Amino acid sequence: MTQNLPKLPDDRIPAHVAVIMDGNGRWARQRLRPRAFGHQAGVKAARRIVRACHQHGVKALTLFAFSQENWQRPPLEVTLLMRLFVRTLSREINSLHKNGVRIRFIGDHRDFAPELRALMADAAALTEANTGLTLVVAAGYGGQWDIAQAAASLCRDGLPITPQAIESRLAVADLPHPDLLIRTGGEKRLSNFLMWQLAYTELHLVDMLWPDFDESAFSEALAWYAGRERRFGRVPEAS
Ligand code: IPE
Ligand code: IPE
Ligand code: MG
């Protein structure tokens, strides 16, 4: 892939990008194909964006792959999604490792098949010491679950529940919060993604369906982000 990416100043590149990869089903329906066909195309889009993060110097990428609520989809779709998850992980892990990617998984994995859980644990262990892109895959994830499990773990240890303490027990506690959230598929909602961590994230909500999301759409998102003024409740510097 050779593409001329517009060069943005380094301090305007988000350190952490989070993505709600939505629209696979509609993309497939537009082509009169089953939803699973859209999910397969969605994997290709995810691969493109991992590569684009490398090229732009984004340090962490969190992808929403499967929400807790997605368990309520028809059993066949859930089965096919799980199968795709296993296949993708088995196929991609070596090249991710070779490219220095550190992969992690967040979510409630208790209902996942033992085979998939083992694959996730092996992939995380294999790549743990890598220093390239940190790729966080949110699967079986819910933002409310994350906050509740953090609070429960503090209670177990008899510690007071403060924002800082919750922060330290979230599923991923050692990454900065996402600077930029991209949601494809046109919906204007968080769908129980990183409810805590998105408090001050810039939200880039686009109509494009996830399988169509490519390097230039990602560059556009970064350019949009570069133009944002982040105030965190303060007033602009010149005021
Ligand atoms: C997102 O695409 C993928 C997952 C939730 C796993 P959808 O499957 O939600 O696609 P739409 O929103 O129905 O088009
Ligand atoms: C959000 O998409 C979850 C993922 C992309 C994994 P959904 O398609 O599940 O969200 P809703 O149901 O439209 O809110
Ligand atoms: Mg959807």
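This is a predicted model, so every value here is computed, not measured. We use all heavy atoms of the structure for the numbers below, so side chains are in, but hydrogens, waters and symmetry mates are not. When a ligand or atom number is given, it counts from 1 through the structure's own listing order.
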Classify the side-chain pair [X]/[Y] by whether it contains a donor and acceptor separated by less than 3.5 Å.
| X | Y | value |
| --- | --- | --- |
| E69 | N192 | yes |
| Q197 | D146 | yes |
| E77 | H39 | yes |

For ligand 2, which of its N or O atoms have a protein N or O partner closer than 3.5 Å, and how long is each gap?
from     : atom 1 : to   : atom 2 : distance (Å)
ligand 2 : 8 (O)  : D22  : OD1    : 3.1
ligand 2 : 8 (O)  : R73  : NH2    : 3.2
ligand 2 : 9 (O)  : N70  : ND2    : 2.9
ligand 2 : 9 (O)  : R73  : NH2    : 3.4
ligand 2 : 10 (O) : R183 : NH2    : 3.4
ligand 2 : 10 (O) : S191 : OG     : 3.4
ligand 2 : 13 (O) : R189 : NH2    : 2.8
ligand 2 : 14 (O) : R189 : NE     : 2.8
ligand 2 : 14 (O) : S191 : OG     : 2.6

ask   = Got more than 12 heavy atoms from elsewhere within 6.0 Å of CZ, R31?
value =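 Atom CZ in R31 is packed in, count exceeds 12.
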ask   = Looking at side-chain heavy atoms only, is the closest gap between L89 and V137 below 4.5 Å?
value =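 With C-beta onward as the side chain, the pair stays apart.
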key: Test item: W27 and W210 side chains (from C-beta on) under 4.5 Å apart, heavy atoms   =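 No, their side chains stay 4.5 Å or more apart.
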message = Against H16, only a single residue in D179, T62, T201 fulfils side chain to side chain donor-acceptor pair (under 3.5 Å); can you say which?
response =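 Among the candidates, only T62 passes.
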Per-residue contact class, R29 against ligand 1 - non-hydrogen pairs under 4.0 Å =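 Neither; nothing of R29 gets under 4.0 Å from ligand 1.
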query = Under 2.8 Å from the Mg ion (ligand 3), is there an N/O/S atom belonging to D22?
reply =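 Yes, since at least one N, O or S atom of D22 sits under 2.8 Å from the Mg ion (ligand 3).
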